Structures are given as C-alpha cells and as structure tokens.
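See structure below.
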Amino acid sequence: MSEVPGYVPHTDAEMATMLEFLGLGSLDELFSVVPEALRLVARPAGEAGGRRYLDLPDGLGEPDVLAEVERLALANVACTGWGVAPDAGLVCFAGGGAYDHEVPQVVPALAGRSEYVTAYTPYQPEVAQGVLQALFEYQTMVARLSGLAVANASLYDGASASVEAANLAAAVTGRGSAWVSTGVHPHWRATLATFAAGTGLDLTSAPLVGGTTSWKTPPAPAPAAVVVQHPNYLGCLEDLAAARRAADELGALLVVAFDPVSAGLVRTPGSWGADVVVGEGQPFGTPLSFGGPYLGLFACRLEHVRRLPGRLVGETLDARGRTAYVSTLRTREQDIRREKASSNVCTNQTLIAVACAIQLAWLGTSGLRELALRCARATRYTRERLLAIDGVEPLVEGATLREFAVRLPVAPAVVVERLADDGFLAGVVLGDEGGTGGDYGEGLLVAATERRTRSEIDAYSEALAKVLR
Amino acid sequence: MSEVPGYVPHTDAEMATMLEFLGLGSLDELFSVVPEALRLVARPAGEAGGRRYLDLPDGLGEPDVLAEVERLALANVACTGWGVAPDAGLVCFAGGGAYDHEVPQVVPALAGRSEYVTAYTPYQPEVAQGVLQALFEYQTMVARLSGLAVANASLYDGASASVEAANLAAAVTGRGSAWVSTGVHPHWRATLATFAAGTGLDLTSAPLVGGTTSWKTPPAPAPAAVVVQHPNYLGCLEDLAAARRAADELGALLVVAFDPVSAGLVRTPGSWGADVVVGEGQPFGTPLSFGGPYLGLFACRLEHVRRLPGRLVGETLDARGRTAYVSTLRTREQDIRREKASSNVCTNQTLIAVACAIQLAWLGTSGLRELALRCARATRYTRERLLAIDGVEPLVEGATLREFAVRLPVAPAVVVERLADDGFLAGVVLGDEGGTGGDYGEGLLVAATERRTRSEIDAYSEALAKVLR
Amino acid sequence: MSGAVDGPQPGGRAASAPLLGRQAEPTVFELSSPGRRAWSFRSSDLPSWQAHELVPPEHLASEPVALPELSERDLVAHHTRLTSRQYSVDLGAYPLGSCTMKYNPKLADATAGLAGLARVHPAAPAALTQGWLELLVGLGTSLAEITGMSAVSLQPPAGAAGELTGLLIMRAHHAHVGGSGAVRTKVLIPDSAHGTNPASVTLGGYRTVTVPSDHRGCVDMGALRRLLDDEVAGIMLTNPNTLGLFEEDIAEIAQAVHEIGGLVYYDGANLNAILGVTRPGDMGFDIVHLNLHKTFAVPHGGGGPGAGPVAVTEALAEYLPGPLPVLSHGRYHWQTPSRSIGRVHGWHGNTLALARAYAYVLATGGDGLRRVAEAAVLNANWLRQRLRGHYEIPYDRPCMHECVVSAAGLRRTHGVRATDVAKRLLEHGFHAPTVSFPLVVDEALMIEPTETESPQTVAALAQALIDIAATASPEDRHAPRGTPVARVDEARAARRLTATFDARGQG
Amino acid sequence: MSGAVDGPQPGGRAASAPLLGRQAEPTVFELSSPGRRAWSFRSSDLPSWQAHELVPPEHLASEPVALPELSERDLVAHHTRLTSRQYSVDLGAYPLGSCTMKYNPKLADATAGLAGLARVHPAAPAALTQGWLELLVGLGTSLAEITGMSAVSLQPPAGAAGELTGLLIMRAHHAHVGGSGAVRTKVLIPDSAHGTNPASVTLGGYRTVTVPSDHRGCVDMGALRRLLDDEVAGIMLTNPNTLGLFEEDIAEIAQAVHEIGGLVYYDGANLNAILGVTRPGDMGFDIVHLNLHKTFAVPHGGGGPGAGPVAVTEALAEYLPGPLPVLSHGRYHWQTPSRSIGRVHGWHGNTLALARAYAYVLATGGDGLRRVAEAAVLNANWLRQRLRGHYEIPYDRPCMHECVVSAAGLRRTHGVRATDVAKRLLEHGFHAPTVSFPLVVDEALMIEPTETESPQTVAALAQALIDIAATASPEDRHAPRGTPVARVDEARAARRLTATFDARGQG
Ligand SMILES: Cc1ncc(COP(=O)(O)O)c(C=O)c1O
Ligand SMILES: Cc1ncc(COP(=O)(O)O)c(C=O)c1O
C-alpha cells in the first residue's frame, strides 16, 4: 500500500472538516457534477461490484519505487563515465546528434537547485529574477555562438528549432516551401516533414555530393528558406558561402543548423550570413539521457525578432530604477496572439537552457576553444586509426570536426552489436534512423569527443579490426 | 597539469598588479619572513637544483580526479541499496554501532543545500538563522528521544559523547572514576580509556552476565558515573532500574548510551532516571559511510546545562522583537573559558545533526514507531531463522530489538568471509573490534534493520546453513 | 593606486541576495575577467595537433567566441545568488491556475540522476536499452489506463507539442477515412481555451472557430450544434475547463461531434482534477494529450522541460508518431505504426522527464491517483467557498481543481486590478495565481491550490486574499514591496528591447 | 466557521524567506499536524508481530515519543526557507579569520556521494574495503609529505580532537622515555592561541603556561627561555600564528624546547598559508594536526563535520591512535602501532570528509598547493596594505594568509566596536571577519580572504571596510539592517534559556 497516497497531506479528519464546511457528506460528492455513468469507483477493498476502477497497482513506498527504477536502469548498457565504470559500460563513439561530452559537477549542483527546478515560467518577474537573468545570460551566449543578434530562451530540441526556423522563414517571405539539405539530421528532416503536413510547407531535398550539399538545382517556386546543417550529419563542414549564394539567388532566408561546439574553432554561421541559426544544445551541460530533455537553440537577425518563436527575456528597470529582467515582446506568444501566433510553444526547456548557460560560463572563451580542439584531435586520431584497418573506407571525404562516416566490409549493425560485447558503442548505423534517412548508403557514423582518450581509441580500433578480420 | 591550480582565480597579470602594489617583485618575496633554510622551492620545470619541493604529483582535472576516486570506490564491496545493485553488493546484516537504515531522498536533497553545507559555525546569528533554527529543532528532538530536558547541538560521535559524559560526571561529582558496563561498545570503551589517560579518570568494568550488566560489585572509591549502554553491544535491553539503583547507592550520575531508534518502542532513558544520555545518531539520516562522519548525541538534566559540552542554541528575540536563534551559554565554551573549559570541542557535526533533524521530522511520531517495530520484526525473524540452523546457538539470552549475538560452530571471521561470496555481510565478528573488546567470547553479532526483507533473510540463513554444513 | 585589478565586478559579494543588500546581481559577463577559468577536461594523451592542422583555413575562426571567464567559485556564487532571487514550489505555495504547481517528490530527482538512465545514447540499439524501453512501455500503459485510451506516444515534449501532434493525427485520420476529397477545415474551441489551443489549430492547418460559453461557464450546447457541419474536423476541450468547471454535457458534446464525423480532442492540462474519478476515454474523447509536468509531478524547471504524451483510441493508433517502444517475444523493440504521422521529436521525447513521471506513477499508484484528485478538488472548493463575499465569483458553482474569482469589484471600488492583487499576494509569502486568464472573465484570478498544499496552507492563502481585498487601496499598484526587485517595467522592456548583454545601451 | 483545520501553521507559505516577508519561520513543531506523515519504508513481507510481542512489558513505551508530523512537501519547504535565511561561502565571501572559509569545489560533493564509499560498513573486513584503505593510505601519505612528517593518523574528527590526540601522544612519549618518574606537567602556549589549545592542554592532563608575545606579535624568545624547564612537556604553536604572522624564530624555539626534552606541537589551523612553501616538519615540529575542513576544502557544514588528522615524526609514530591502514604484500589491512595511545574515534575518523579532502589533494596537486598559499598570502597582504590608514594595524608587518586590524580607533572616536563593523559588513554583502580574537588585540578584526576570492572581491571587501570606517556612527550599533533578523539579543538567550521548543515560555 502506498504510504502517503499521492503525497496528499490531508488526514481523514481534516478532510471531513473541510467537507463539512462545504456541506458535503463525502469526497464522492465533490464529483457530483460528473455524470454517474462516467464515474469510476474508488479502488474497492474487496470487490469492484461491477463498476470500473483504475486498474493500476497501489502506490509503492519510496525505497520500492527507487529499487524498481534502478532495476530498469541496470537493464540498460550505459556509456562509461561518472557512475558507470569502464568495465560495466560502453565507451561511446556514437554521436549523430547526441554527444558524450563532459558535464562538470557544477552544472547539476547549480541547475539542480530547487529554486530553478521547481519554479514555473517566470510570469511574476518580481520573484523570478533568478530564472529570468539566467535566461538573459543564456540568450546572450547563444547569440554570440551563432553570430546573430538575438536568441530566444529555448525550444524543445534541435529538430523543433528547425521546424520553427522554417515557419519563421515562411512567414517572413510569404512563401510555402523550403529547400533542405540532405545533410540535415534525418530525424530533423523527418520532424520537418511531420509538421509540414499541418503548415502545408513543401520540402525539397538538396543532395549531398561527396559529403557536402549541392545547391545546383533549385526548386521552383522559390523557397522561403535554404536549410543546411554545419557540420552536416556525416560530420563534414559545409560550404556556407555556397549556401548563402543559393539563398540570395532565390531571395530565401538561410537557415543554418549548427553544432554549437564547433563554434570553438570555426566561423560562426552568422559570419557566413545566416539569417536564422538553430542547433541542438545538448553538448553543453546535458547528459545523453536517451535523447531528452535536450535543448533547441534558436537565434536570428534582429529584424526578425517579432517573429521569434518561444520566450524572450529582456532587460529593463524596476520601479526603483534597478536593473531587472522580464519576459518581453509577449504579444508574439500564443497566450496573447492565439490563433494568429506563428508558434504554439509555451513550456519550453528552461532548465536545460540554464544548465547550458552554466556550462558555457564554466568553459569560457578558452574552454570552448579547448573543447572543440580536443574533439577535433580525438576525431582525427580515431579516423586515422580506423582508416588504417583493412576494408574500412571513408564514406565521404570532407573536413570533419567531431564525427565522420565510414564504409565497412561487414554490416554496420552487426559491427555495433559485436563491439558492444567488447565494451564499445561503435557508432550510429547510417540508414537506421527510421523515417527519413537511408540516403547515405550503408555506413557507420563515428564520433569522438574530448572524453575519448588515446588508449580508448586504440582499443576500439583494435576491437573493430578483430571483428572485420 | 592541473587546469586551475588550487582553484585560484588570479591570473598571472592580476598577481603581478597586486605584487606591485605591495612593492614586491615576485610571489616568493611574499614569504621572505620564512627563513631561507626552511623554504621549499616551487616545483621546478626541469630540475630541483638541490632544493626540496613538495613531492606530490601535479593536480588533476575534475574528470581524472573523479575517475580515480570512483576506481577506489569500486574496489570496495558496498552494501546493497540505492546505487548498489543487489547482485553487486552485500546485503547488510552487520551492525555493532553502524546500521543500514533507509535514508530518504529528502535528507541529502535538503541537508545538501549549499547554504547548510558551506556555512561556518553560526557566529553571526543575523545571517545564520537557517543553521541555528535547524539545530534548535534538532536539540528539541534529541531531548525528547532521550527523555531529558536539554541536548546540545552535536558531538563527534557516540564514542566522544560518552567521553564527554564521563567528564561531565567527574566535574559534577568531583570524583575521579567511572564504572562502565562491558556492554558498552568496545570502541567507545577504548576511546574512554584513551582520553582517560589525559583526564586521569579511573575506569572500572561492570561485567555482562547472561547478556545484561551485573552491578553487584561496586568499585571503591565511589565513581562519578555509572555508564551503561541500552540496548547493549550484544543487542540486549538492559535493566536500567538496576543501573539507576546502583548509581543512587554510590551517589553517582547515571549515564545511558542509548540507541535512538529504540526510542520508537521502548521507554526513554530519561524515564528510567538517567542523568546524562548519549548515543550515536548515525541511524537517522547518515549512510554507513565507512564509519564517519557520524553524530554524537548528548542530552542531560537541565541542572547540568552549564557543564554541557559543545554548542547550545537558544531561542531569543531580535531588535525588532521577532523570534531568533543564537548560540548561547557561550561562556562554557573553550574559546571563552580556555584552559578552564571542561570540553575542548569547537567544530562538531552540525551538518550531520541537521540531516538527523530532517530525518526525524520525516519519520514523525508514527514513523519512528514503525521504524523501530520493523527493525524488531526483522531481527526476531532473522534470529528465529538462524537459531533453527544446526549448531547456531544464542551467545546470550535477553530481549533484543535490532541486533543479537550467536555462537557458531565455525570461526565467525571465516563465516563472514565465506558469506561475502554469497552476497551477504554476515555480521560483526565479536572480539575483532581492536583495542578493548574480546570480552564476549567468540561470536557473531547480527543486526537486521527495517531494510531487510523476508526473502533476504531467508537467503541469508540458507547461505549460512550451507557454510556451516 | 590601490593595485586592485580593474574591470570585472566582484563575484564573492552577496549584496544581490535578498538575505542582504538586494542590489542587482551583476551579469556573468560583468563578473568575467580575461584569462580566468574554471574548465578542465579528461587527460587524453592524444597528439596535440593545432587548430590550423585540423580545420581548413576558410573555416577557421579568426577570433574565439567570447564567453564569460570566471572561476568555479564565482560561477557558483553567481547562480546561488540568482536562485536566492527566485521563488519556487519548494519555498512555498504556488497557486497558479491551470499550471498545477504541485510539490514534486524528491525521489524523482534521484531517478533522473541514475547513470543507467542518464548515460544512455538515444541511438543505441534496443538490445542495449531494454530497461529504457520497458520503462517507456510501462509509463505508456499506465497513462492509457488513466486516460481510458488505447495507445500512447511519449514523443511530444510539452503540452503544446502534444496538441499539435493530436491535430496532425486528426488530419491524418480525416485524410485517410475521408479520402482526398474531404474539406474539413475547422476546429472548434471554446472561448475559455488556453492560447496554445488556437495556435496549435493554426499550425495543424485548421481554422479556429470559437464556441461560446453559456451562463454556466460551459460549452453552449445550442451554439455548438449550430457550428457543427461537415467542415468541422473536430473540437478541442479541456475538462474540467479553464474555469475549473466540469463540462457536464461532455458525453453529448462528444456524440454530436462524432455524428458529423469529427474527432474530440482532450487538452489534458487539467487532468489532475479527475484522476481515478473519470476518464477522457469514457467521456468520448478520441485524442488526449497529458502535461506530465502538471499532473505527474515533473518539475516545471522555470518553464520546462515538460512532456506532453498523446493517447488515442484504438482506431487512431495507427497514426501515432513513431517509432514506439513495443514488447514482443519477451523483448522490447521500436516499431513505427503503419500510418504514422512521423516523428515529432528529434529522439524519443523528453525521456528523463518521462522517467520522473513513471516514478511518480509508481509511488502514487491507483489508490493515490484518486486521492490526488479528491484533495485537489476539495482544496479548490474550500477556497472558493471561503472567498465568497470577498471576491466576485463569476461562475459560482462547485468547481474542480481550481477556481476562478474576479477582482472586477476591487477595480470598481479602489482601482485595484487582478494584477495588483497578485503582486500583493507575493508580499504575503505566496506566489500569485494566474491573472487575466481565462479571457472570458474580467480581472480573472485563477487559483489552483493543488492537492499537496495542506488545509492550513489553503486557509492561510484564503486569509491573505481576504486581507488584500479588505485593505485594497490605490497604493497596491506599487506592490510588491520587499521582493528582490520592485514592480518591473514591462513596457520599457518591449520599447527599448535589450535581449542580450551585448545590446545593452543600444535599446 | 470556515472549516479550516486548526493548529499548525501553514507550511506552504514562504513569508519567512528574505525573498518575501521576513517573518520568523515557524518551527517544525508548529508546522506539525497530528496524523500527517512523510515516511515510507521498503516492503519487507515479514510477519507483523506487534510491539507487545517483541518488547518485554517493562520496557515498552507507554506513549510514543512525539516528533513533528509533516508532509514531505512541508518538510522540504521548511528547510528550503531555512536555508534562504543562511549565509554561506557559496553565496559570497566569508573572510572569517582563522577559519579558512575557502570555496569547496563541487567535485568533492560528488565524491562523498559515491555509493562505493558511502554504503560501506565500517566493520566490514579489510578484504572487502580495499578501496577505502587505499584512499586513506593515499591521503595519509600526501599529508605526511605536505607537513614534512613521517606518519599520520586520520582518526581525529576535528582540530580540537587532533590537538588532544597530539597531547596524549606527547604524554605517552614522556611516560615512555622519561620513565614513570617524569614530572612534566606544563605545556606552553602563546597568549594569542586559539581557545581549543588551552582547553586541550587541560584535558590532556597538563597545565597551561602562557607565553607572552613580543612587540612583533611573535613568541617572546626571552620569555620563552625563562619558562623552559624540565616540567615542560612541550609547546603548542600555530605558524603563522593567529595574528597571521610567521614565527621567524621557529627553528630556535623548537631547538630550545627540544633541549629541555620537550616536544613541539603544530596547530595546523593555519597551514593554508604555507602549503608547498615550508613544512612544520622542517621547522622542527614533532606533532602536527591539520584541519582538513580549513586547508583541504572540506566544507564546514555550519560547524562540522571536519577532520583533524595528526601527523608525527618517525620517533612518535609508535604512539599514534590505531588501528592504522597499512599496505603490505600488495594488500591493505589495519594495524595498531606498538605503543598506541588507543582509539580516539568510534571508527576510522570522519571518513567521508577524508574522501573529500583526498579529492581536493588530487585536484590541487603539488603545483596547486603552493599556488594556494601564494594567492592566500597575496590577498591578505594586499588587503592589509589597502586598509592602512583606515584601521589601526597593531602588528604592521608582512602577514601571511590573514591580517588582524583593530577597530579601537573607531571605538574611541565614534563608539563603534569591532562587532559593529562586522555587522555593518553583513549589510555590504560580505560575511563578517572574526571579531574579538585573538585576545591580544583590542577590538580585533581578523580577516582571512582565502585564495579562492578574486582580486576584485578582495578589493570590494576592502572598499566596504573603508566605507564603514569612513561613515562610522553610533547608529552602527543597530546594524545589520535588511538581514533576515535584526541584531539578535544574545543576553536574553542566556538569561531566559530556551534551548528546546518544549522549554518555550519556561525561560
Ligand atoms: C489548459 C492548458 N492547455 C495547454 C497548455 C500548454 O502546455 P505546455 O505549456 O506544456 O505546452 C497549458 C499550459 O499552461 C494549459 O494550461
Ligand atoms: C587556530 C585554531 N586552532 C584550533 C582550532 C580548532 O579546530 P576545530 O574547530 O576543528 O576543532 C581552530 C578552529 O577554529 C583554530 O582556528
């Protein structure tokens, strides 16, 4: 039996007193407005008496709940790192949009403070300066990473951010289609396609040729947006100048889905002329988490700020002239604009944005660069080791930073399965993404972050060589 | 190389500016007051040049430190529970002063808040109401558990609390000895003996006869205190009326070292007439922790409050008439009383006391009783199962609550070793305590807390039977 | 002169904490000092190739992106002080109507921190993630039982995303059953609906048609029937609605909509009121989204992350977003429904939030879920009754988990608006209720105590509201006093937009 | 009338938080409501024997001990609000002299939370606890190197316990070498010593003899020599001493004491100043205790737990408390030294605090430790220099990690005492320095910035102190304003002693 059902503090005696005040004889009478025929009965001690009750087990005490959840956790093979010993987990070489980066202890220690965790959307700024200022700092850092003037306070994930970007472009241009590079993450393209069913947006693909997007054959009519990922799904740096040119020729907006870690080494999308920059913020402060909650980054030129989806925090003053922060340009949002809103986002990913802001400040200018550099070194080293194995071929050529794709003489899914026995998550199997995808041919996507060491990479390549032998 | 040596924020440039202000040319000059001959050199890049430097490795980055500490943690076989899966750890039947009780998540969540964790002793009450009020609540609860009027704000552990109790009794009575039951934890008796070397306190033992203390042959001259543990080290409830009588006959104080969990079922020591009550607070909110930090409970009659060791928080008012808390009767303490102080305690175990206060409030009246009841049930069941095994005999008779002692046909140390392979920490080996101890004969002390389930106990007794077969 | 180092503001001064000075907290950028740092990485022993050896010259950044440079100490102090400027459920009651700001049990935090859940790559094969799949199936099954539906997708990351997902399912259904000739263009929504509903309708490719409320605060059945035609794709309802009132005619509404071939959508934001008491599926709903961050104690995180699973009838299961976790032959694997609308999330949804919700479901259980609804409804009704005579109660009949009162009277008599009442409540140590929503009520205060507040707290909240009404004065426009900042100038924020530190002074 | 439930105060109101109302926070006893509860246990499936079947009647409690009865929600709110009323290092600078309130890196918290450390029974055989023993040996070895000593016991749980342990070692040594006829009864202590030193001396069975300081603030060598005779067991010193000054004559002092057969004890509370710069062992000390909660970043926890290991020369190693962890034949085990003074702790010391300290040593390393001392000493000297002219500096020469200034001037001119300056500093967003200690300085303010405060913070701290001196007025006696409570009436607390909730109204 649940010890404290539903965490309800009321004793039976207290409930009785309250009911009496209401002139009611029982808790059931509270629900007299619910038609009899629709009502469930309370879980009967003995018999259901023909009436239906909620067919769920009674609540468990805290230790039993935790034991059950821990049982489930142990039924996964997690990636090595804090809490997962080298010989109990998998050394992670998988990426494909979710990366095994270090999350320092300050991030959970601070983002886990209950004032951040248990607050609502900051509707009362006088008692929400903590969340608001943290978001203001987040917006500033995301804007800087993207090279654009303004960033919102978060979206659900990279996929949803790319949907919002396409919608913004459609609203700005008054056009009904988008030209999307095949180098954009297949899940993001799938998500774009799902939501396009509602907005009626037409999606055309631009193919990858030798690892980067070819913008040779523009669709007609001219699209609202040219959408490119940089580095793209196969890990290759794109030619953003070419993308910008393609957009210019079509009068379209350039939407760049970027890897924010890359900003430690390569030029910002804004510096290439991107109009909208989106990205997945998971690499900064969020563990792999089986895919969520992650963080949709969204930045744009200042001229589009009134079409910015989601929340935006602005700086202002309080009645005593002190600096204060507040949600601003609220008239864009669904609760005010309703059916005329260009986005329906309400709850977003604030706490993940706060964690991201903490991690970015922990990195600082030099740490971000060091992080990107270490990823690039590990990736280069891994790539060289792997390509030295007989039968391993590059899937595409092209400059990479943290990820690259290879062709293998054995089915990649089999390789992943076999290497798991040796303690490695070998990579992401191309074409296995579900939905859109499979445009890349059979291959394995291999990522190496700053967490990978020489000895891990050596062991991994040896294990791979053994499987391929 | 350490990334941020010593967590020092200063950049080299900032240090140079500060040195300049001081008219110094280098950091070394800061230490010009240190005689040359005594000085170490900074760790040389290449050579030590004959001079000595600190022979420690350079600092590690956070992930490397955590990996090293985690390696050490994995080199222990921990007890099962949160973070240690059933098949990776030992089901704990060991007690002997350290018990495997449940610590609900609220305890670390609240006691772990950095305002509690990173504050100092509350010397500035205006900004320390959090710690002070938590300690006031702790004192109240400890006083209630002990059945005495006043409790201090914590001592190091049960052992040190018993030393302080003996010292208090000596000061109150002006006498120089204590009569200590052999049922008092051997480590506590050893600690008493260690410190008695300084205070000159004479310690005489009162023997255990059939599980409880015999007060038949009082020492002469009359002691300052009669010291008894309840339930005692072998788990047996003591006859506190007899102890009180013995103390009365000698004009001595009665010091009871109690198990605070027992207060959920049995009469408080205060109700038996104890003058001073001490105890180990670990069972309330502190994990096993390899023995520390634990929590020394200390309560006494109001008449002795001016001899109370350690800190005491009192309620008062602030300048605006609002309730406030403050460290009080400070003149007892070493920083004011100096060589005349009867205790030298300064830093104590505040955070552990706060955790204890949280856990006690989480339990509440009914939870404390339920906890004690569940321990007693598990212990009774375990005892019955074990005594049903051929060759297992009770070491002593006597009513027990959470712990009991058995005699085995195989050396207990061997049994513990063998059962560890089956996933059980079988108990505490009697006579193995080091220092004082070994007064009990060869045996195994077995504890069963509320965390032990029927199936665990069944499996344990079967494994034991197998070893003994 | 002093040899002090210029530039950054001190990070070790807590003057911004309400505990002390209440100055503004400097931004992290003002705390930054060039060259200072907190970061460290794993030692890797890899060749130290330099940037120009790794990145083609045209891509190489000429200068690094400027991020704040702080010591770990200053970073910790900054955020510890920021949190001291933030109200939260863990500090006190948060009766924000429609938001269900209940207490989030601490056990769920432990769940989300488990390495065996948190360190799992989302693209790892199902064979390596059986625990996760079992958890997701377990949660989905529980939610189906609670809502009375057949199948569930856990992908939508929030309520609004769930709504849009539901509408796309509606669209796919009509496209399939109606053939390509169907011209269902409209979705009906009551005038009391939450803003996400109409916004989602638009993004779902439909037109919003507003259904008026009647004198009871419920859907006007007559008006509804007049609006129903074969262009109607469906209707979106919350029940209880945003006035906290149960739509008693729900079965008739559903029947009427079904009769014209429409579908009935349940916005589950208010599910807390009916847990274990009645089920959307039994009421006739076809599609349901749930806000796990409301009803299932996933903490709100200052505005997310949440989770907005969608549950549907058996007939609509084939349209659910995929892939879905399924059990077959004793193993879990991923499977995409035959006519799936496709993905609505980059991976599998806000999975760690889902794990929290699952822990809550296990802890609460069938018995506890009903108790939740009972206590939530009891608290709200008690509050409504207690406030009678002190505030106007526009729809004064038994409410469910929240009650809506109006400050219109105070506005008339003292010029005090709902917002002012809300700000004054902050001074009393409570968070404010939702103000100015639902739109159908003038000067609305929408109060949802939730079941985790004790009767004593609800009584104190009521007393505070009564005292505020009793002492209302034009001065209230200057409330709140004593908060970390005084009344914030929202107009100025919009007028002189400063959305980044770098825009300071440009606004 | 209202159907409200009487008795307990509301637990869901945050009026006590400085963020809001600043009322007094009710005690947990006032929040209690009979029958309410938060607890739950593991389901165990055991026979449900009742109390009277388990406990002999004479022992059975007639009524249960009354503990507060709260919901988890109210318990969480209570302590969250209490913490909001508490200053801490994580909020801002804490320049409390002699206490070394440095920032405690977050990585150490993770260390202490590791199940593989926290869930280990202290009586488990060494074979099952090899990791713990290796950790303890590793820490002990590092501390020996840092102090320049030979052997270490990690048992003492705090500084004072370390002192007493050291004095008992001193006693055991004299008993052994001097035979039973030795009459060493005195221990010398400088007049600037911390109160624990003389108290420990008494508990160690010795008599305290005070050594005066000379004009430099150091031990008066002449006076010392006059006090040295064969009744002297030894001397206890801190170096730097509690004035923050380095005892330059330390080698001569040690030699003089050694010459009369005495031992030289090092109170390691101030070790932060000399890490990697010089070592007690090299100075001639025989016994050293360390405050790991000062120098090695174990957080102070509001007054503990700490850890006070004792390190000794090779000659004294045989007296150390035991058992000690040792490595032999590739395995770790416990071993008690031959002439051990015995146990000084119930188990192995404050082990989880030791684990934190070890993590700190690993992270800081040989290079970092010296950097710690450099920055700590730099900050303190910069501060001293900056305060010159604003406060009297009784011993105005280069200091080590802390500096002592005096408010005696302010007292003369404005009636403002050191305590008032301290309270005013709270209003500026800093914790106060140590006041009225060391005793040898009139109106002492003992300021220890520590190395983890940035130059900017130290500058701001200095500026605040300067502003306070510049604006000193008799009004300062009413400081602090704006803190959760105003100046607290300490005298009343002692006069009407109320040390438990149950004593309320009896005081
Ligand atoms: C009635 C109602 N519907 C929908 C939503 C939207 O949910 P979310 O914020 O999770 O997107 C809300 C949230 O406030 C709501 O109250
Ligand atoms: C100089 C000095 N010695 C000894 C001590 C006592 O240490 P502890 O508080 O750990 O017992 C202190 C602590 O304040 C101190 O500053």
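Only this structure's heavy atoms are used, side chains among them; waters, hydrogens and symmetry mates stay out. Computed from a predicted model, the values in this text were never measured in an experiment. Proteins get letters first, then strands, A, B, ... in listed order; numbering begins at 1 in each.
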Between P122(B) and chain D, which part of the residue has a heavy atom less than 4.5 Å away: side chain, backbone, both or neither?
both
Report which part of R369(B) has an atom under 4.5 Å of a heavy atom belonging to chain D: side chain, backbone, both, or neither.
side chain
Under a plain distance cut-off of 3.5 Å, with no hydrogens placed, do S200(D) and N344(B) share a side-chain donor-acceptor pair?
yes
How about L164(D) and F195(B): do any of their side-chain heavy atoms sit closer than 4.5 Å?
yes
Less than 4.5 Å to any heavy atom of chain D: does that hold for the side chain of A361(B), its backbone, both, or neither?
both
Under the side-chain contact (heavy atoms from CB on, under 4.5 Å) test, which residues partner S343(B), sequence neighbours left out?
E164(B), P309(B), V345(B)
Quick one: what part of F31(B) sits under 4.5 Å from any heavy atom of chain D, side chain, backbone, both or neither?
side chain
Once you round to the nearest 0.5 Å, how far does CG of L363(B) lie from CG of L70(D)?
12.0 Å
Considering only heavy atoms and a distance below 4.5 Å, find which of A24(D), A158(D), A422(D) pairs most often with chain B.
A158(D)
With chain B, which of I250(D), L135(D), V361(D), T434(D) has the greatest number of heavy-atom pairs at distances under 4.5 Å?
L135(D)
Using a 4.5 angstrom heavy-atom cutoff, name the option from A124(D), A115(D), A123(D), P125(D) with the most pairs to chain B.
A115(D)
Identify which part of E70(B) has an atom lying under 4.5 Å from any heavy atom of chain D, answering side chain, backbone, both or neither.
both
Okay, V106(B) and chain D: the region with an atom under 4.5 Å from a heavy atom over there is side chain
Taken in chain and number order and not counting sequence neighbours, the residues that satisfy side-chain contact (heavy atoms from CB on, under 4.5 Å) with R451(B) are D100(B), E102(B), T449(B), R42(D), R119(D)
Measure distances from V313(B) to the heavy atoms of chain D and classify the residue's part below 4.5 Å as side chain, backbone, both or neither.
backbone
Taking the side chain as every heavy atom from C-beta outward, state whether E126(B) and R487(D) have any pair of such atoms under 4.5 Å apart.
yes
Within a strict 4.5 Å, meaning less than it, do heavy atoms of the S160(B) and H345(D) side chains meet?
no
Please answer whether the main-chain N or O of F501(D) pairs with a side-chain N or O of T140(B) as donor and acceptor at a distance below 3.5 Å.
yes
